[in-house]
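Counting begins at 1 with the first residue of the sequence. For clarity, every value in this text was computed on a predicted model and none was experimentally measured. Computed over heavy atoms, backbone and side chain alike; hydrogens, waters and symmetry mates excluded.
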Amino acid sequence: MAHNTIVGLKIKSIRESKNITIEEVSERSGLSTDQISSIENDQSLPSLGPLIKIARALGVRLGTFMDDNDALGPVVCRAAEREKKSSISFSNGATDARKHMEYHPLAQQKAGRHMEPFVIDINPEETANFQLSAHEGEEFIYVMSGEVEIVYGKDTYHLKEGDSIFYDSIVQHHVHGAPGKSAKILAVVYIPF
């Protein structure tokens, strides 16, 4: 069974090792101190947007919060390992904070990477109250199965199995299952550093 990567704990230890206060992270990231505290205490796991902002505020790559160890050569992630290895659950701003997305990182050992590839399992939503996120970079999503909706700025895109989308992350966006549908997607997030 996949065990959850405790992202909050890692953020806290990186912040403390650099002697940076929560207030300083808040100032640099534009997130509230409450939001940062609850992320550090693993009470709320946000979407990637806030994590990217925290990573920048701490001067580390997003991957630092998820890495197992560092490898410079190619990293192969076998399907069987992907299910067994650590996964990260995000409530992603869902009002009931029920974990509706499970992220399986595909490159945890790759040192110095700028791309974050994930396979993401999306469970159906009960509520449609989404917090859109915006951050630097680009995202590519390929729907492996099921149906997803992507809110991008003022538009909403409906993607089915085999469809893909590539967009600039700086525009407010949110990815979720189509109403009542679950999905499995391949998502690659590129973050310039």
Side-chain angles (χ1 to χ4, degrees), residues 1-78 81-94 97-121 131-139 168-170 172-175 187-193:
M1 183 60 206
H3 65 281
N4 253 7
T5 296
I6 309 298
V7 176
L9 210 62
K10 223 157 190 189
I11 291 172
K12 191 174 190 172
S13 68
I14 292 166
R15 180 178 62 72
E16 288 173 349
S17 74
K18 290 174 174 269
N19 292 319
I20 298 170
T21 65
I22 286 185
E23 288 70 26
E24 286 172 305
V25 176
S26 167
E27 224 164 89
R28 295 179 195 177
S29 66
L31 304 171
S32 72
T33 50
D34 286 356
Q35 201 178 354
I36 295 160
S37 297
S38 77
I39 290 168
E40 283 194 359
N41 297 319
D42 284 297
Q43 288 161 336
S44 76
L45 275 171
S47 57
L48 289 178
L51 286 184
I52 290 165
K53 287 176 179 155
I54 291 172
R56 286 187 166 271
L58 294 175
V60 297
R61 293 177 303 101
L62 172 67
T64 312
F65 301 153
M66 301 168 214
D67 290 352
D68 291 345
N69 47 38
D70 282 353
L72 293 169
V75 170
V76 174
C77 183
R78 307 276 178 206
E81 288 167 19
R82 186 183 76 222
E83 297 306 325
K84 280 206 298 276
K85 279 174 76 84
S86 62
S87 64
I88 304 163
S89 299
F90 291 107
S91 55
N92 220 6
R98 201 172 46 77
K99 304 285 183 267
H100 85 266
M101 283 186 143
E102 199 169 9
Y103 283 64
H104 303 279
L106 301 179
Q108 280 176 295
Q109 295 87 1
K110 182 71 184 130
R113 63 189 181 275
H114 290 275
M115 291 191 302
E116 287 294 340
F118 299 97
V119 166
I120 306 174
D121 290 311
Q131 274 177 304
L132 299 171
S133 76
H135 49 87
E136 288 181 62
E138 300 169 340
E139 289 177 42
D168 292 308
S169 319
I170 204 73
Q172 294 269 336
H173 59 279
H174 194 282
V175 178
V188 182
V189 181
Y190 166 73
I191 304 146
F193 193 74

Can you list everything that forms a side chain to side chain donor-acceptor pair (under 3.5 Å) with Ser29? Sequence neighbours excluded, please.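 Applying side chain to side chain donor-acceptor pair (under 3.5 Å) to Ser29 gives none.
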
For Glu138, what residues pass the salt bridge (charged side-chain N to carboxylate O under 4.0 Å, His left out) criterion, not counting sequence neighbours? none

What distance separates [X] [atom1] from [Y] [atom2], expressed to the nearest 0.5 Å?
| X | Y | atom1 | atom2 | result |
| --- | --- | --- | --- | --- |
| Leu62 | Met115 | CG | CE | 13.5 Å |
| Ile22 | Ile39 | CD1 | CD1 | 10.0 Å |
| Gln108 | Phe118 | CD | CZ | 8.5 Å |
| Ile52 | Ile191 | CD1 | CD1 | 4.0 Å |

Contacts of Glu16 that satisfy side chain to side chain contact (heavy atoms under 4.5 Å, CB included) - sequence neighbours left out: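 Side chain to side chain contact (heavy atoms under 4.5 Å, CB included) check on Glu16 returns Lys12.
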
For the residue pair [X] and [Y], what are the closest heavy atoms and their distance?
| X | Y | result |
| --- | --- | --- |
| Ala55 | Arg61 | CB-C, 4.0 Å |
| Ala107 | Val75 | CA-CG1, 4.4 Å |
| Lys10 | Phe65 | CD-O, 3.4 Å |
| Pro50 | Gln35 | CG-NE2, 4.2 Å |
| His104 | Asp121 | NE2-OD2, 2.9 Å |

Under 4.5 Å between any side-chain heavy atoms of [X] and [Y], yes or no?
| X | Y | answer |
| --- | --- | --- |
| Lys53 | Val25 | no |
| Ser26 | Leu31 | no |
| Glu136 | Arg56 | yes |
| Ile11 | Leu58 | yes |
| Arg15 | Ile54 | no |

Give every residue pair that meets the salt bridge (charged side-chain N to carboxylate O under 4.0 Å, His left out) criterion with at least one member in residues 19-36, sequence neighbours excluded.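 Every pair satisfying salt bridge (charged side-chain N to carboxylate O under 4.0 Å, His left out) with a residue in residues 19-36: there are none.
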
Test side chain to side chain contact (heavy atoms under 4.5 Å, CB included) on Glu139 and Val188; report intermediate values, then the result. CA-CA 6 Å; Glu139 289 177 42; Val188 182; over 6 Å; no

Anything under 30° is parallel, anything over 60° is perpendicular, the rest tilted; go ahead and classify His135 against His173.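 Answer is perpendicular, since the angle exceeds 60°.
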
